[in-house]
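Here is the structure we will look at, set down as structure tokens.
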Amino acid sequence: MDLLADLNPQQQQAVTAPPGPTLVLAGPGSGKTRVLTQRIAYLINHLGVAPYRILAVTFTNKAAHEMKARVQRSLGEDLRGLTIGTFHAICARWLRREAQLLPVTNDYVIFDTSDQEALVKQVIQEMNLDEKKFRPGAQLAKISAAKNELIGPDEYPAGTYAAEITKRLYQRYQALLIANNALDFDDLLIYVVRLFREHPEVLAKYQRAFDHVLVDEFQDTNTVQYALLRELTTAKRNLYAVGDPDQSVYRWRGADYRNVRKFQEDYRDHQLILLEQNYRSTQLILDAAMAVIDKHPGRTRKQLFTERQGGVRLTVHEAYDERDEARFVVDTIFELVDQGAYKRGDFAVMYRTNAQSRAVEEAFIHARLPYKLVGAQRFYGRKEVKDLLAYLRLVHNPADSVSLLRVLNTPPRGIGAKTLELLQETARAANLTPAEVIRDLGESGPKSLFAPKFGAKAAAALANFGLMFQHWTSARGELTVLQLFDTIVERISYRGYLIDGTEDGEERWENVLELRGTAAGRPDQSLAEFLQDVALMSDQDTLAGEEGKGVILLTLHAAKGLEFPVVFILGLDEGVLPHQRSFDDPEAMHEERRLMYVGMTRAKDRLYLLRAFRRSTYGDSSVSDASRFLNDIPDGLLAGQKPSKGQRAQASYRQMTSWEPPAQAPSRGRAVNLSGDPRGAGPRTPEPNRPAPRPEPTNRTGQRLSHASYGEGVVIDSKGAGADEEVTVAFAGMGVKRLLASLANLQLLKG
């Protein structure tokens with residue numbers, strides 16, 4: 001098979017580049033995944049490189065699986081020797097292999113973010129610190145930032161009192177991780193780099209193992225990831241990096257797009273290849289996106305082009321407030337679906353912060369329009385899922401006291417907070433783990449040396465748990481993950497606990513069954529492999545198969561790597577996008593610009609850019625300025641009125657503060673084709689999830705009114721209709737008042 005067939009000249013150059021350091025800067029939608037997979041196939045098929053001598057690294061499990069499947073299809077060979085995976089998954093595997101050189105054993109567990117926060121909180125309590133002043137999440141972020149820069153707990157700079165506290169927290173946190181035979185996500189990378197630097201024989205082994213190292217999304221690497229790649233490729237120098245600095249939007253978690261520049265400095269003989277042909281968007285969308293990103297200083301410019309010339313002009317819409325903004329989104333979706341042009345899974349609504357989803361969700365719920373919220377609550381972050389994973393982790397690693405403390409009284413067994421505290425103190429005094437104390441209570445019962453330290457009731461409850469725990473750990477070698485899962489769920493009566501003892505019990509039980517299905521779908525995995533895969537699962541991995549079920553709602557950060565026919569970007573106001581935190585930080589402002597560029601280039605056919613004349617922030621409503629990014633886009637690419645930067649045009653002000661019925665506004669109550677039938681013609685039966693036509697309120701948002709006592713004001717919300725209509729009005733000098741329209745005798749003001 002000709003591996004270069006259907007590749008454009010730039011892609012062919014990238015696939016056939018000679019061995020040596022190669023940097024491929026790939027614009028959005030330019031087929032970089034295809035280039036990477038064809039590059040791997042080219043190495044194997046044309047250069048004779050054995051698959052097991054190739055290492056390909058990416059950032060999500062989804063991307064890794066897709067890459068491996070594509071290589072398999074290209075070559076039609078068994079590629080089990082090929083190593084493709086995420087940084088964390090690959091490093092986790094290597095660490096288990098080299099565990100004899102680590103402070104943990106090869107059956108270590110991986111603590112996720114909530115486990116890490118629980119551990120930091122435990123340290124804060126041990127140190128008698130004020131949790132409000134030293135918040136666990138903030139302290140964990142500082143620790144993670146240090147790890148991403150390869151700064152250990154003893155090297156942490158402590159020039160201030162606050163930094164000294166963080167250093168002590170970091171030291172104790174790391175000690176507790178080891179005591180729990182656990183690693184956090186950052187440790188997976190740091191320990192590998194340290195192994196390479198402190199044990200030359202280990203480094204030499206992995207350098208010999210891999211002739212070629214390829215990395216995807218190179219702009220998102222952090223200091224420790226770049227160090228890992230450098231160590232691996234120092235000898236043979238075959239580092240093939242694909243990325244786009246213009247799409248680097250993860251600075252907040254350590255990603256540094258300047259690693260691209262560092263690559264160019266460290267490998268001065270590198271080959272630079274640009275991928276500029278886009279296969280996703282219309283040329284008009286690309287021109288608009290380039291107009292925004294071209295204002296970014298110090299970048300290698302790419303001239304994006306596509307065969308999809310022209311296209312629909314970008315729609316700019318200025319709503320009155322965030323509710324009106326959300327209503328415009330809903331009405332537009334209904335209108336486009338009604339025309340038969342799109343189905344509801346073709347739409348994505350993007351915003352800068354998660355808090356912005358509230359108004360959108362309310363509008364979708366009110367219109368009974370199905371949606372999928374990405375990233376707000378990961379499946380593997382739900383309580384019932386984490387509970388059962390904690391049981392499995394504890395059976396796998398009895399030293400995991402974080403999991404033990406989570407499940408010891410879940411479901412309730414009469415083991416209270418004081419008993420848990422006493423259990424930890426007893427274990428520390430005996431130089432044992434809490435699990436060992438419980439196991440002894442289970443084996444010896446009242447004769448246990450530890451029994452007198454607890455009351456009879458508490459000792460019996462701990463002993464009963466100890467017996468169950470002993471049974472599970474004894475049987476784990478003989479049971480599959482699914483069998484062990486079923487044994488635990490049945491023994492602790494977890495279904496009854498959820499159905500009878502919690503809200504939304506049936507829905508929670510469905511999540512348990514979904515987790516069981518995950519275990520059933522991996523019959524050959526060991527418990528360690530199952531827990532590792534689950535711990536490394538990302539939000540985008542959990543999105544697979546959900547795209548067609550409803551409109552996708554997600555942050556701009558979560559949108560990276562995705563694409564949709566129609567995209568709405570909300571909140572294009574100064575202080576929202578770009579975010580106000582970036583105003584005094586040039587690097588942060590550059591990232592806001594890149595974030596806007598990422599959002600715009602997710603759109604295939606249509607792009608809607610929305611802002612609000614007035615926006616509420618934490619309950620305070622104020623008039624906002626249009627985002628500077630809107631003003632970067634040439635007028636000829638836009639449809640709709642483009643707000644002026646730094647000023648509120650008088651026409652816009654009059655429009656927003658006087659009432660005029662919108663011309664040809666879509667009716668939110670009519671029957672619309674939501675079935676996805678592209679024909680979109682002929683009579684339709686209204687869907688059951690479409691709301692029945694409802695009476696409209698007399699008073700509308702933006703309408704100017706007069707009240708006998710409060711004077712003139714502007715309607716900012718209206719609910720109900722007829723005698724039950726309730727209107728909220730902002731009166732000049734009198735504040736916001738909520739009135740019953742039928743009794744308030746409000747007078748409409750014209751003009």
Side-chain angles (χ1 to χ4, degrees), residues 26 28-41 54-74 79-80 82-93 110 112-113 185 188-189 214-221 225 242-244 247-250 253 255 279-280 345-346 348 350 372-382 385 514-515 517-519 521-522 525 529-550 552-564 598-599 601-602 604:
S30 61
K32 68 178 180 61
T33 302
R34 187 178 187 189
V35 165
L36 266 170
T37 55
Q38 296 301 81
R39 172 65 175 180
I40 295 171
I54 298 174
L55 170 66
V57 189
T58 186
F59 278 83
T60 67
N61 293 302
K62 181 181 179 182
H65 294 323
E66 180 182 354
M67 196 183 304
K68 196 162 189 175
R70 286 194 185 189
V71 176
Q72 180 86 43
R73 288 195 297 270
S74 295
L79 300 177
R80 281 180 293 180
L82 178 66
T83 302
I84 296 181
T86 65
F87 276 100
H88 293 90
I90 290 170
C91 287
R93 190 157 59 245
I110 302 170
D112 65 14
T113 303
F185 291 128
L188 296 175
L189 308 180
L214 303 90
V215 57
D216 191 12
E217 304 288 4
F218 184 69
Q219 77 282 347
D220 290 334
T221 55
Q225 288 162 341
V242 180
D244 183 7
Q247 298 185 69
S248 179
V249 294
Y250 296 128
R253 68 183 189 195
Y279 293 92
R280 175 189 300 151
D346 291 334
M350 302 176 186
K372 164 74 176 178
L373 191 63
V374 176
Q377 175 63 70
R378 295 176 59 239
F379 174 78
Y380 292 104
R382 293 168 184 163
V385 174
E514 183 70 20
L515 179 61
T518 303
R522 306 176 184 186
Q525 277 193 330
E529 291 169 337
F530 175 79
L531 292 172
Q532 176 174 301
D533 282 358
V534 166
L536 298 177
M537 194 67 66
S538 72
D539 284 339
Q540 288 194 9
D541 296 322
T542 61
L543 181 59
E546 296 287 344
E547 293 92 332
K549 296 182 180 179
I552 302 297
L553 275 54
L554 71 173
T555 65
L556 287 162
H557 283 99
K560 186 157 179 296
L562 303 176
E563 60 181 39
F564 305 90
V598 165
T601 54
R602 300 310 94 194
K604 294 181 180 180

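Residues: numbered from 1 along the sequence shown. Predicted model, so just to flag it, every value in this text is computed and none were measured.
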For the residue pair Gly85 and Ala64, what are the closest heavy atoms and their distance? CA-CB, 3.8 Å
Evaluate the side-chain contact (heavy atoms from CB on, under 4.5 Å) criterion for residues Ile84 and Ile40: first the C-alpha distance (whole Å), next the side-chain angles of each, then the deciding distance (0.1 Å), finally the verdict. CA-CA 10 Å; Ile84 296 181; Ile40 295 171; 4.3 Å; yes
Is any side-chain heavy atom of Ile110 closer than 4.5 Å to a side-chain heavy atom of Leu188? yes
Any Thr83 side-chain heavy atom under 4.5 Å of Arg93 side chain: yes
Do Val249 and Leu556 touch side chain to side chain, with heavy atoms closer than 4.5 Å? no
Looking at every heavy atom in both Gln219 and Gly243, which two are closest together, and how far apart are they? OE1-CA, 3.1 Å
Under a 4.0 Å N-O cut-off, is there an ion pair linking Glu66 with Arg70? yes
Could you tell me if the side chain of Asp533 sits less than 4.5 Å from the side chain of Arg522, heavy atoms only? yes
When rounded to the nearest 0.5 angstrom, what is the spacing between CD1 in Ile552 and CZ in Phe564? 5.5 Å
List in chain and number order the residues that pass ring pair (Phe, Tyr, Trp, His ring centres under 6.0 Å) with Phe87, two or more places apart in sequence or in another chain; answer none if no residue qualifies. Phe59
Compare every heavy atom of Asp112 with every heavy atom of Phe185, then report the nearest pair and how far apart it is. CE1-CA, 3.9 Å
Quick one: do Val57 and Asp216 satisfy side-chain contact (heavy atoms from CB on, under 4.5 Å)? Show the steps, please. CA-CA 6 Å; Val57 189; Asp216 191 12; over 6 Å; no
State, yes or no, whether a side-chain contact exists between Val374 and Leu553 at a heavy-atom distance under 4.5 Å. no
Sidechain-backbone polar pair: Tyr250 side chain, His557 backbone, donor-acceptor under 3.5 Å: yes
Criterion side-chain contact (heavy atoms from CB on, under 4.5 Å) on Val242 and Phe218, from CA distance to verdict: CA-CA 6 Å; Val242 180; Phe218 184 69; over 6 Å; no
Closest non-hydrogen atoms of Gly561 and Arg602, given as atom of the first, atom of the second and distance, are N-NH1, 3.5 Å
Please tell me if the side chains of Glu217 and Lys560 come closer than 4.5 Å, counting only heavy atoms from C-beta onward. yes
Just verifying a value: how many Å separate Met67 CE and Lys62 NZ, rounded to the nearest 0.5 Å? 13.0 Å
Tell me, do Thr86 and Asn61 make a side-chain contact under 4.5 Å, heavy atoms counted? yes
Does Thr518 use its side chain to pair, donor to acceptor, with the backbone of Glu514 at less than 3.5 Å? yes
Closest heavy-atom pair, Pro28 versus Arg280, reported as atoms and distance to 0.1 Å, is CB-NH1, 4.0 Å
Can you find a heavy atom in the side chain of Leu554 that is under 4.5 Å from one in the side chain of Leu562? yes
Which atoms form the tightest heavy-atom contact between Ala63 and Thr58, and what is the distance? CB-OG1, 3.6 Å
Which residues satisfy the salt bridge (Lys or Arg N to Asp or Glu O under 4.0 Å) test with Lys604, sequence neighbours excluded? Glu563
In Å and rounded to the nearest 0.5 Å, what is the CG to NE2 distance from Leu189 to His88? 4.0 Å
